[in-house]
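I am attaching a structure below and will ask some questions about it afterwards.
Below, chains carry the letters A, B, ... as their sequence lines are ordered, and counting in each starts from 1. Since this is a predicted model, take the numbers as computed values, not measurements.
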Amino acid sequence: MLEIDSLTMRYPTGDLALDSVSLSVERGQVIALIGPSGAGKSTLIRCVNRLVEPTFGSIRLNGQDIVAMGRTDLRRARRKMGMIFQEYALVERLSVMENVLSGQLGNVGFWRSYLRRYPQPAVDEAFRLLGRVGLDHMVDKRADALSGGQRQRVGIARALIQNPEILLVDEPTASLDPKTSRQIMRLIIELCRERGLGAIINIHDVPLAMMFVERIVGLRAGVIVYDGPPKGLTDDRLTEIYGEEDWSGTRGDGDEDEGDKPAHQKVAAAVDIPELKKVAQR
Amino acid sequence: MTTLADTPAAPRRWKRPPFIANAPLRYAIYAGALIYLVVAIGSVEVNWSRAIAGMERGQAFISAFLAPDFTTRWTDIRQGLLESLTMTVISTVFGILLSIPIALGAARNIAPWPIYYVCRSIIAVSRAFQEVVIAIVFVAMFGFGPFAGAMTLAFATIGFLGKLLAEDIEDIDRGQVEAIRATGASWPQQMNYAIQPQVAPRFIGLCLYRLDINFRESAVIGIVGAGGIGATLNTALSRYDYDSAAAILLCIIAVVFIAEYSSGFIRRRFL
């Protein structure tokens, strides 16, 4: 569905952030993108929706080359790509509802969005999503009044109201505590599964990534050095991605009781968080 | 065999490095500045006999403040005040409306180079000329009266608000803009959703501040013929009509105070 071909990005300063990266994401496939800081992870996903302009290469979403698109087509393509950010990137002084509805900006005209008169189906969907992420009691709270985990849930709802085909997720858990990190990862994975959404998730936390996804891509200095299942991510591989270090314990083998089960089954069991159940019962 | 532990090292001294490293140069600059100050003070000529004579006038002025005369020239004062308020409101509103697009163009992070330079130049021109200078030009162009005054204040407002708003826009959190852009929002939508919420509270504060600057300035530019309460004040002063002048000044002070308190109140509601 998403085909990235020999994508190269050189910053005006001369730094080569991405060096001929090729990667394809199938429909419904969730990829964790790992690698040291500065490896080009953020640049890669920002190139996909052209928040950063790539220097060379092509990015095809359903066969259409995003890199070659003009302004109008690009706007249309961005609608199909939901993005979730590390620092949430909510508009702090807008309410939760306004933030969620802002995901619809690509679909409504200026005056409708200016007067906050969104089409009823969009409003219904916003309420439904806020319920799904467990925030339906905070609709009119201002975004800056929320906790980190709550903000990220708003960020997720904003990305999903676009009804995207793929999610671009930039360090979703880096600003969150360990428990909230897991809840947020679980929520993202669950939602992807529910909707058959593909996703590229940049993540620093290797054990967390291995817990939740079936495919991991390792990036080092703008080059893909690993692409495979979590199981194949041996100490040697980690050294190749991050450099020399003592990796014992990093892969989180003793982390869960059901260490022998495949990752996605672990997720299925782990997804069972009470607040989601409650929502599902309604 | 001596180790580090054996020899008690001399205590290492530390002083903050001076601003100018070269000591002779440093003292020469300090001495030069002091000499200039002494010479400058010596060069100020004070005509003491004139100052003593002036004390009387000053006293008359101050005692007039203790007995301001609102009644004799009330119609003039009222008309002047109303004219000034009209000038203030009109010029502030037009100034704000014009300063917003110019500020958007003058913010380096959202405007392309050519537009940036054009808008920056407009702001520079507006800020380079003091209100009184512009007022003199506009009075020459449009004749005496409040129209020239309103034009002057609107022009000055553009420079003031344009510069400060542009700087605020340059300081915003880019992440929020990026997030809104990533949804496929158009340029006006990005302005409305990502930029406006970040700069609005301070901009409202600045507009209210400019409103009372404009009122105070209207008193000054009235003296060069641009209408308003300044013209009334000028007439009163040239007639040595200090008790009326005092009444006018008190009116100006009262209006500024009212503006100050109400702007504080309004700003708190928008934060």
For Y209(B), does the OH atom have more than 12 heavy-atom neighbours from other residues, nucleotides or ligands under 6.0 Å away? no
Other residues, nucleotides, ligands: >12 heavy atoms within 6.0 Å of R195(A) CZ: yes
To the nearest 0.5 Å, what is the distance between CD (Q189(B)) and CD (Q104(A))? 10.5 Å
With chain A as the partner chain, list the residues of residues 105-133 of chain B whose heavy atoms fall under 4.5 Å from it, by residue number, and write 'none' if nothing qualifies. none
Determine the minimum heavy-atom distance between T183(B) and G103(A), stating which atoms define it. CG2-CA, 3.9 Å
Where on R142(A) is there a heavy atom nearer than 4.5 Å to chain B: the side chain, the backbone, both, or neither? side chain
For the pair Y193(B) (side chain) and S113(A) (backbone), establish whether a donor and an acceptor sit closer than 3.5 Å, ignoring hydrogens and angles. yes
Below 4.5 Å from any heavy atom of chain B, which atoms of R50(A) appear? Answer side chain, backbone, both or neither. neither
First locate atom CD of Q196(B), then atom OH of Y114(A), and finally report the distance between them rounded to the nearest 0.5 Å. 5.5 Å
F94(B), CZ atom: more than 12 neighbouring heavy atoms under 6.0 Å: no
Surrounding CD of E170(B) (heavy atoms of other residues, nucleotides or ligands, distance under 6.0 Å), is the total greater than 12? yes
Can you check whether anything in residues 69-97 of chain A gets within less than 4.5 Å of chain B, heavy-atom wise, and list it by number? R75(A), R78(A), R79(A), M81(A), M83(A), F85(A), A89(A), L90(A), V91(A), E92(A), R93(A), L94(A)
Nearest 0.5 Å, what's the CD1-CZ distance between I180(B) and R158(A)? 5.5 Å
Is the number of heavy atoms from other residues, nucleotides or ligands under 6.0 Å of R78(B) CZ greater than 12? no
